[in-house]
K.L.:
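Before we start, here is the structure in question, set down as structure tokens.
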2 protein chains.
Amino acid sequence: MASRAKATILDIAREAGVSKSTVSLVLQGSGLIRPETAVKVRKAIEDVGYVYNRGAANLRKAHSNVIGMVINDLTNPFFAELAVGMERVFQAAGIVPFIANTAENPVRQEEVLKSLMEQGVAGLIVSPARGTTPGAFRRIEAAGVPIVFTMRRLPESRIPVIAPDNHRGAFIATEHLILKGHRRLAFFGGSSDLVVYQQRLGGFLEACETLGIPIADRTIVEGETSRKGGIACLETALAAPEPPTAALCFNDAVAFGVMLALRKRGLEAGTDFAVVGFDDVAEAEHYMPALTSVAVDTAGLGERAAHVMLKMIQSRTTRAKDHIGAVSLVVRESCGQSRNTRGAGMGDAA
Amino acid sequence: MASRAKATILDIAREAGVSKSTVSLVLQGSGLIRPETAVKVRKAIEDVGYVYNRGAANLRKAHSNVIGMVINDLTNPFFAELAVGMERVFQAAGIVPFIANTAENPVRQEEVLKSLMEQGVAGLIVSPARGTTPGAFRRIEAAGVPIVFTMRRLPESRIPVIAPDNHRGAFIATEHLILKGHRRLAFFGGSSDLVVYQQRLGGFLEACETLGIPIADRTIVEGETSRKGGIACLETALAAPEPPTAALCFNDAVAFGVMLALRKRGLEAGTDFAVVGFDDVAEAEHYMPALTSVAVDTAGLGERAAHVMLKMIQSRTTRAKDHIGAVSLVVRESCGQSRNTRGAGMGDAA
DNA sequence: TTGATTTATTGGAACGTTCCATTTATAGGC
DNA sequence: GCCTATAAATGGAACGTTCCAATAAATCAA
């Protein structure tokens with residue numbers, strides 16, 4: 001049982017009185033071996049406390065079933081939900097994805113990617129850190145390892161992206177606010193070096209444009225994409241002479257921050273100031289007041305990303321179509337009386 | 001650049017006009033090679049787009065600088081914070097830990113552990129899933145791979161544990177409530193199959209005992225360790241004829257749920273009902289009202305666990321002392337007027 | 001029986017590294 | 001100049017698996 005040196009396939013072979021090749025075949029579940037032999041071998045495997053050495057196997061096989069998931073902020077529950085979706089499909093495929101966190105740090109990201117590559121991953125699902133340099137993935141692409149980006153894309157890259165329809169999400173949310181009668185609107189949180197930010201802000205601006213909100217009545221406050229950032233955004237915005245009466249927030253974390261800051265001032269989200277979030281994390285529903293938010297089907301995006309990855313690996317390609325996920329506005333209490341409207345979404349896109 | 005078949009050490013050797021051994025030496029940063037040679041080799045490495053094959057190396061070396069982190073609920077921000085602490089120290093040691101999620105499912109945990117073992121991990125940091133069978137780690141122990149548990153322990157196991165002083169944390173929190181004048185107290189959330197639960201509940205009960213709260217005035221409601229669970233607990237408790245006026249919650253998530261449920265009933269945490277959380281996650285401070293909670297120095301525990309692991313690996317042992325982390329009560333607004341008291345903690349223990 | 005066919009099993013080479021024991025080059029001492 | 005000591009570079013075996021080609025055993029047709 002507590003054999004010191006770790007057992008190999010040869011130990012099993014000796015124990016079971018067969019050749020190493022036979023053991024290998026059994027290990028791979030080949031139908032070529034006689035059932036009784038298989039049983040004998042399996043018993044030996046148990047007896048010697050064998051653990052399969054995937055490194056050695058990969059050396060010969062040249063494709064590993066390891067998939068790396070590189071995430072820029074594990075602390076944001078959104079990414080945890082995304083990860084959960086992916087794991088569901090990988091689990092079904094008998095694959096254990098390894099998650100690594102870059103903490104929004106491109107240098108750390110470099111290390112993480114290097115390590116994953118050295119480990120011989122079959123594919124990489126990445127939400128790139130802010131400030132990732134354009135060439136960061138060139139080596140990996142050159143090595144022929146499939147990559148898919150989730151949620152975020154790099155400015156020029158040809159790597160497939162799985163993301164929600166940010167522009168449309170922001171558009172319908174803004175539209176909702178305007179139709180509720182708000183005329184002075186704000187966009188809170190995020191920073192312009194992110195492509196997502198530009199998309200969401202773009203949707204916001206287009207809605208303003210289309211529905212006749214003059215530029216002077218639009219407030220844009222960049223900030224951290226966290227509760228803290230949201231608090232700061234609201235403070236800044238309310239300090240203006242003609243403050244906004246409603247805000248679309250870059251994500252739910254920012255929205256939660258805004259609601260807290262409101263309450264600190266004795267104001268109530270929904271009645272005194274309308275706030276809409278983005279992502280619709282699980283918490284949004286249970287908040288008080290419940291947060292109106294753009295639902296992006298987080299887990300679904302995770303599943304989709306995993307499926308795309310699986311297909312890429314299987315078909316030995318490094319290309320795939322982008323997937324822009326449908327979004328919908330979930331109207332709750334944080335922007336006025338709670339009618340149960342649901343905005344429309346959309347399907348696949350280039 | 002885009003060389004199809006992946007480059008090996010021999011390709012580099014050819015390119016640089018040296019032997020594979022020399023390349024290997026350069027790769028390991030050996031001081032034995034002439035600096036100019038090293039430069040030449042490093043250039044060749046760049047040129048051919050080489051990626052190190054750690055699997056092959058481990059085959060020969062037999063120890064692998066990969067560390068696995070097995071977490072039972074990635075969705076709980078507490079674990080994300082824990083992970084962040086660990087990563088800090090691993091990063092400094094040039095190690096990239098791989099995180100895997102078990103989603104509180106022992107079967108999935110089994111798969112995850114198997115996969116990690118096959119990958120040849122040097123060590124495992126684990127927060128075991130609920131319902132883990134006592135023998136689940138025997139194989140791994142037998143293989144001589146160091147394990148440390150964080151936060152949770154298994155009933156009988158000899159595996160070292162890094163965890164906060166749950167008993168004391170619950171004790172000082174309960175004491176605080178009693179000194180505030182509360183006489184009917186509740187303990188909300190968690191379930192009795194967890195050792196942590198027993199420790200926290202134990203602290204609660206001891207405080208009640210010591211400070212003279214009769215059994216009839218103690219309410220214990222088990223439940224999910226989430227917001228949803230907290231909501232349910234409060235509903236149950238308030239339905240009683242003589243409902244409690246204060247509650248210690250199993251963790252902050254439960255506490256948040258309780259506060260939401262209070263608000264839904266038009267009650268305010270702090271004035272109408274006192275609530276104390278456990279873990280002191282980042283969010284506690286920014287909540288409204290700010291949550292009084294038992295701080296466990298989450299990131300610090302993570303760092304500690306990582307250090308212990310590193311030491312175990314280095315000294316080739318599979319044993320280590322438990323570490324029970326100091327706790328302190330951070331008094332905020334959720335249990336009455338906000339005096340800024342801090343309870344005392346404690347240091348190492350057996 | 002014999003040869004052909006199918007079914008099970010096996011030895012050996014290969015995968016990309018490390019590391020030991022050697023060899024070769026360089027320098028130092030006289 | 002030669003011998004020794006040191007520095008730098010090298011060839012080959014080994015690590016634990018897979019997979020191909022080959023062998024051995026069993027079955028069948030004639």
Side-chain angles (χ1 to χ4, degrees), chain A residues 3-42 44-45 48-66 114-115 117-122 143, chain B residues 3-42 44-45 48-66 114-115 117-122 143:
Chain A
S3 51
R4 217 73 222 94
K6 48 187 62 78
T8 85
I9 218 183
L10 289 103
D11 298 314
I12 299 169
R14 193 176 322 114
E15 183 82 7
V18 298
S19 79
K20 62 180 171 40
S21 304
T22 304
V23 177
S24 176
L25 258 0
V26 172
L27 248 19
Q28 314 173 52
S30 159
L32 286 181
I33 31 80
R34 198 150 43 102
E36 340 164 21
T37 315
V39 168
K40 197 170 52 176
V41 170
R42 264 189 276 272
I45 289 177
V48 302
Y50 170 74
V51 0
Y52 184 72
N53 184 335
R54 201 168 286 278
N58 288 342
L59 200 49
R60 192 81 234 280
K61 290 203 300 189
H63 63 276
S64 74
N65 69 341
V66 178
K114 178 152 173 271
S115 180
M117 285 299 288
E118 292 182 357
Q119 223 58 235
V121 290
Chain B
S3 51
R4 218 69 225 99
K6 47 187 65 76
T8 84
I9 218 183
L10 289 102
D11 298 313
I12 299 169
R14 193 174 325 112
E15 181 82 8
V18 297
S19 79
K20 61 177 170 43
S21 304
T22 305
V23 177
S24 175
L25 258 0
V26 172
L27 248 19
Q28 316 175 50
S30 159
L32 285 182
I33 30 79
R34 201 150 38 103
E36 341 165 21
T37 314
V39 169
K40 197 170 53 179
V41 170
R42 262 188 277 272
I45 291 178
V48 302
Y50 170 75
V51 358
Y52 184 71
N53 185 335
R54 200 168 287 279
N58 288 344
L59 198 49
R60 193 78 232 283
K61 290 204 300 192
H63 65 274
S64 80
N65 93 336
V66 178
K114 177 151 171 271
S115 180
M117 285 300 286
E118 291 182 357
Q119 223 57 234
V121 291

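To find a chain, count down the sequence lines: A is the first, B the second, and so on, and within it residues start at 1.
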K.L.:
Any chance you could measure B/Leu27, atom CG, to B/Arg42, atom CZ, to the nearest 0.5 Å?
P.N.:
9.0 Å
K.L.:
Does a salt bridge link A/Lys114 with A/Glu118, judged by any charged N lying under 4.0 Å from a carboxylate O?
P.N.:
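Looking at A/Lys114 and A/Glu118, the cut-off is met.
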K.L.:
Heavy atoms under 4.0 Å, any strand shown: does A/Ser21 hit a base, just sugar-phosphate, or nothing?
P.N.:
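If one applies the 4.0 Å heavy-atom cut-off, A/Ser21 turns out to touch a base.
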K.L.:
Specify the closest pair of heavy atoms between A/Ala16 and A/Lys40, including all atoms of both residues, with the distance to one decimal.
P.N.:
O-CE, 3.6 Å
K.L.:
Using modelled atom types and a 3.5 Å cut-off, is there a donor and acceptor pairing between side-chain atoms of B/Asn58 and backbone atoms of B/Gly55?
P.N.:
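No, the answer is negative, given that no donor and acceptor are paired below the 3.5 Å cut-off.
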K.L.:
Within the 4.0 Å heavy-atom criterion, would you say A/Thr8 contacts the bases, only the backbone, or no part of the nucleic acid?
P.N.:
sugar-phosphate
K.L.:
If you look at every heavy atom in B/Asn65 and B/Ala122, which pair is closest and at what distance?
P.N.:
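In this case the closest contact between B/Asn65 and B/Ala122 is N-CB, 4.3 Å.
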K.L.:
Side chains of B/Ser19 and B/Thr22: donor-acceptor distance under 3.5 Å anywhere?
P.N.:
yes
K.L.:
Show the distances under 3.5 angstrom between N or O atoms of the protein and N or O atoms of nucleotides 6-9 of chain D.
P.N.:
from  : atom 1 : to      : atom 2 : distance (Å)
D/dA9 : OP1    : B/Arg34 : NH2    : 3.3
D/dA9 : OP1    : B/Thr37 : OG1    : 2.5
D/dA9 : OP2    : B/Arg34 : N      : 2.9

K.L.:
Answer whether the closest heavy-atom distance between the side chains of A/Leu25 and A/Val41 falls below 4.5 Å.
P.N.:
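No; the side chains remain at least 4.5 Å from each other.
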K.L.:
Give me the first and last nucleotide of DNA chain C, going 5' to 3', that has any atom under 4.0 Å from a heavy atom of chain B.
P.N.:
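Contacts span C/dG16 to C/dC19, reading 5' to 3'.
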K.L.:
Check B/Ser30 against B/Ile33 and note the closest heavy-atom contact, atom names and distance.
P.N.:
O-CD1, 3.3 Å
K.L.:
Please name the pair of heavy atoms, one in A/Met117 and one in B/Val51, separated by the smallest distance, quoted to 0.1 Å.
P.N.:
O-CG2, 4.0 Å
K.L.:
Mind grabbing the angle between the end helix axes of the helix from C/dT1-D/dA30 to C/dC30-D/dG1? Five pairs an end, 10° rounding.
P.N.:
50°
K.L.:
Which pair of non-hydrogen atoms, one from A/Ala57 and one from A/Tyr52, has the smallest distance, and what is that distance?
P.N.:
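For A/Ala57 versus A/Tyr52, the nearest heavy atoms are CB-OH, 3.1 Å.
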